[in-house]
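Notes follow the structure.
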Amino acid sequence: MKRFMTLCLIALLALATLAAGCGGGKKDDNASQKTEKVLRIGTNADFAPFEFQDVNGKEYQGFDMDLIRAVAKEMGYKAEIQNINFDGLIPALEADNLDVIISGMTINDERKKKVDFSDPYYKSGLSIIVKKDDKSINKFSDLKGKKVAVQIGTTSAMEVKKIEGAEVKEFNSSADTFLELKAGGVDAVVNDRPVNDYYILKSGVTDVRRLEELLTSEDYGIASSKKKPEMKKQLDAALKKLHDNGEYDKIFKKWFGNG
Ligand code: GLN
């Protein structure tokens, strides 16, 4: 009898352990279901007013940053932003290290071969800034024979290379192109107009001027992987929602006023 009781006890203990084990497993499942999905966002945070870091270098700010946070929220994701060189963004997406890119990135045919783009979310174009006292440059064709700073891998780099006789100097960031103009290493900077304008407005420089002429008309889009076409659909749906509910306009006004 004693032996029978012992056996029963062992059996009971075994059952209890099994039950506890099962319960534990369930708990884990619930926890992972509750964990928010993360949207891995790539940007080159040196392109104010679209993406830049605050003075402490922690918080990502700008029109794109506010927009992608709102888009991620709409899609049910937690936004996780990574700062990468502009020319490294598409390779990082192709290597599946990112889910999306938002970086003032112009939609063009060359990039469309590699990534999907959302519907356009901002209309931009290229402009020139020069030193105030340099009266020899007043339009794009005047760049012939001049030294021009551009950012590597950008539409500025592509377009200025087409101007015959212009000497193109490529830099990692738009901030570096502005520094080069200041230092006198180049005669002009070509960059997206809102970024040139923001630089003139915010940096306190007084010895540069912007030219009115726009070389191109470009649309920015949010890039995602061609292997995940459902991501583009979700991005477009979220953008549409933000246009419909007024959130897009709010973010636009915050960074660009009514213009
Ligand atoms: N709009 C330009 C491009 O897509 C520049 C973008 C950037 O420098 N962040 O090439």
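Note that ligands are numbered from 1 as they come in the structure, with each ligand's atoms numbered from 1 the same way. We count residues from 1, following the sequence as given.
- Between K226 and D116, at least one side-chain nitrogen of the basic residue sits less than 4.0 Å from a carboxylate oxygen of the acidic one, meeting the salt-bridge criterion.
- At under 3.5 Å, a nitrogen or oxygen of Q151, whether backbone or side chain, sits near a nitrogen or oxygen of ligand 1.
- Taking a cut-off of under 4.0 Å to the non-hydrogen atoms of M105, the atoms of ligand 1 that pass are 4 (O).
- The shortest heavy-atom distance from R111 to ligand 1 is under 4.0 Å.
- D187 and K169 are not joined by a salt bridge, as no carboxylate oxygen comes within less than 4.0 angstrom of a charged side-chain nitrogen.
- Listed by atom number, the atoms of ligand 1 under 4.0 Å from F86 heavy atoms are 3 (C), 4 (O), 6 (C), 7 (C), 9 (N), 10 (O).
- The shortest N or O to N or O distance between G104 and ligand 1 is under 3.5 Å.
- Using a 4.0 Å heavy-atom cutoff, D192 is listed among the residues neighbouring ligand 1.
- The ring of F256 has its center closer than 6.0 angstrom to the ring center of Y122.
- S103 approaches N44 most closely through the heavy-atom pair OG-N, 2.9 Å.
- Residues Q151 and D192 form no side-chain contact, since every pair of their non-hydrogen atoms from C-beta on lies 4.5 Å or further apart.
- By the 4.5 Å heavy-atom criterion applied to side chains, K240 and D119 are not counted as neighbours.
- Looking at Y220 next to ligand 1, no N or O pair under 3.5 Å apart turns up.
- Within the structure, ligand 1 lacks S174 among the residues with a heavy atom less than 4.0 angstrom away.
- For T155, a nitrogen or oxygen atom sits less than 3.5 Å from a nitrogen or oxygen atom of ligand 1, counting backbone and side chain alike.
- Exactly one of Y248, Y220, W255 qualifies for a ring-ring contact (aromatic ring centres under 6.0 Å, His included) with F63. That residue is Y248.
- Regarding atom 9 (N) of ligand 1, its nearest protein heavy-atom neighbour is S103 O, 2.9 Å.
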